[in-house]
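Reviewing the structure listed below.
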Amino acid sequence: MEAHEKANASTKGTAIIEIVKALRGIEDAARLLPEKLQHYLTESLLSTKWYPEEDYKALLIILGTIIAPSIPGNVWEYFGEQGAARDMSGVYAGVADYYKSDPWTALQRIGRLWPLYRNTGRVEVVRLGPGKAQILLHDYAGSCPEVCGTTTGYIRHLLVLSGGKDVEVTLLNAPPPHLGPSEWSIKFRTE
């Protein structure tokens, strides 16, 4: 990925607003945020506006680090699960049925959902057999274990909402984009 593409990498406001709301509720948040991120604690945020991907990543990691001790399990996956639940009952409720039809259809449609939140990255779903798939995320500027962990939780919850049973979503790899795609292993039952 070229430097100008990374500099323009953006995240939709719907992905950043809940993080900022949570940070605003933490007494020492201003002390914990770098100066260049302080403005998020006071400015009005818009769900339709695009914000720098680097800011999203930094805010997410700060919040996750703060609340991890109070969250059972993986805090990054928890964020993703909460995001999917919120999206499918809130801002994207109008398209929720589109994703709830069945697990395979939901997986195939993840590539259409991704650009609603990010302006970098391309999702590829590879069907490996009954109840098995691989997801590859190519050229995503924000790729790192923490952010990809949120994607793990999001995919898992989306598959559960679409009728998947015994859903397993495992992040296998989350390299910087120039080193290849992020990769997930997916397993579920439909009956």
Side-chain angles (χ1 to χ4, degrees), residues 1-68 71 74-96 99 109-123 135 137-155 157-158 171 174-179 181-182 184:
M1 176 171 294
E2 294 185 30
H4 75 278
E5 290 174 318
K6 187 173 182 179
N8 293 323
S10 299
T11 300
K12 197 71 168 272
T14 53
I16 204 167
I17 286 174
E18 294 301 320
I19 295 167
V20 171
K21 279 184 187 177
L23 285 168
R24 288 176 179 172
I26 296 171
E27 189 173 316
D28 292 339
R31 183 181 57 78
L32 300 169
L33 293 180
E35 187 176 329
K36 73 176 198 152
L37 299 176
Q38 293 285 324
H39 65 96
Y40 284 104
L41 296 176
T42 57
E43 79 178 35
S44 294
L45 302 175
L46 302 172
S47 62
T48 57
K49 183 178 174 183
W50 290 88
Y51 296 90
E53 182 77 35
E54 287 181 14
D55 291 0
Y56 165 80
K57 184 176 175 179
L59 291 165
L60 177 81
I61 290 172
I62 291 166
L63 178 61
T65 302
I66 293 168
I67 70 165
I71 302 296
N74 184 305
V75 69
W76 316 114
E77 292 179 19
Y78 169 81
F79 285 156
E81 290 167 359
Q82 295 299 306
R86 189 174 40 257
D87 287 353
M88 295 303 142
S89 65
V91 69
Y92 293 116
V95 297
Y99 287 90
R109 292 177 177 164
I110 287 174
R112 295 181 194 160
L113 191 58
W114 184 263
L116 296 176
Y117 293 96
R118 306 289 191 301
N119 73 347
T120 67
R122 177 182 55 81
V123 175
I135 293 182
L137 178 56
H138 302 274
D139 304 318
Y140 171 48
S143 183
C144 68
E146 297 87 356
V147 175
C148 288
T150 67
T151 304
T152 302
Y154 196 101
I155 293 168
H157 197 70
L158 189 62
L171 176 63
H178 69 282
L179 294 179
S182 296
W184 289 263

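- Scanning both residues, Trp50 and Leu116, for their nearest heavy atoms gives CH2-O, 4.3 Å.
- Among all heavy-atom pairs drawn from Gln38 and Ala30, the shortest one is NE2-O, 2.5 Å.
- For the pair Tyr51 (side chain) and Leu46 (backbone), a donor-acceptor distance under 3.5 Å is present.
- Here Ala68 pairs with Val75 under the side-chain contact (heavy atoms from CB on, under 4.5 Å) rule; sequence neighbours left out.
- The distance from atom CD1 of Ile155 to atom CG of Leu158, rounded to the nearest 0.5 Å, is 8.0 Å.
- Shown here for Tyr140 and Pro177, the closest heavy-atom pair between the two residues is O-CG, 3.3 Å.
- Proximity of a side-chain donor or acceptor of Thr120 to a complementary backbone N or O of Ala141 within less than 3.5 Å is detected.
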* Evaluate the side-chain contact (heavy atoms from CB on, under 4.5 Å) criterion for residues Ile66 and Leu23: first the C-alpha distance (whole Å), next the side-chain angles of each, then the deciding distance (0.1 Å), finally the verdict. => CA-CA 9 Å; Ile66 293 168; Leu23 285 168; 4.2 Å; yes
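- Take Lys21 and apply the salt bridge (charged side-chain N to carboxylate O under 4.0 Å, His left out) test, not counting sequence neighbours, and it matches Glu18.
- Summarising the geometry, atom CH2 belonging to Trp76 is positioned 5.5 Å from atom CG belonging to Leu60; distances are rounded to the nearest 0.5 Å.
- No donor-acceptor distance shorter than 3.5 angstrom exists from the side chain of Arg122 to the backbone of Gly111, with no hydrogens or angles considered.
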* Could you please spell out the steps behind the side-chain contact (heavy atoms from CB on, under 4.5 Å) verdict for Ile61 and Thr65? => CA-CA 6 Å; Ile61 290 172; Thr65 302; 4.1 Å; yes
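- At distances below 3.5 Å, not a single donor-acceptor pair connects side-chain atoms of Ser143 with backbone N or O atoms of Asp139.
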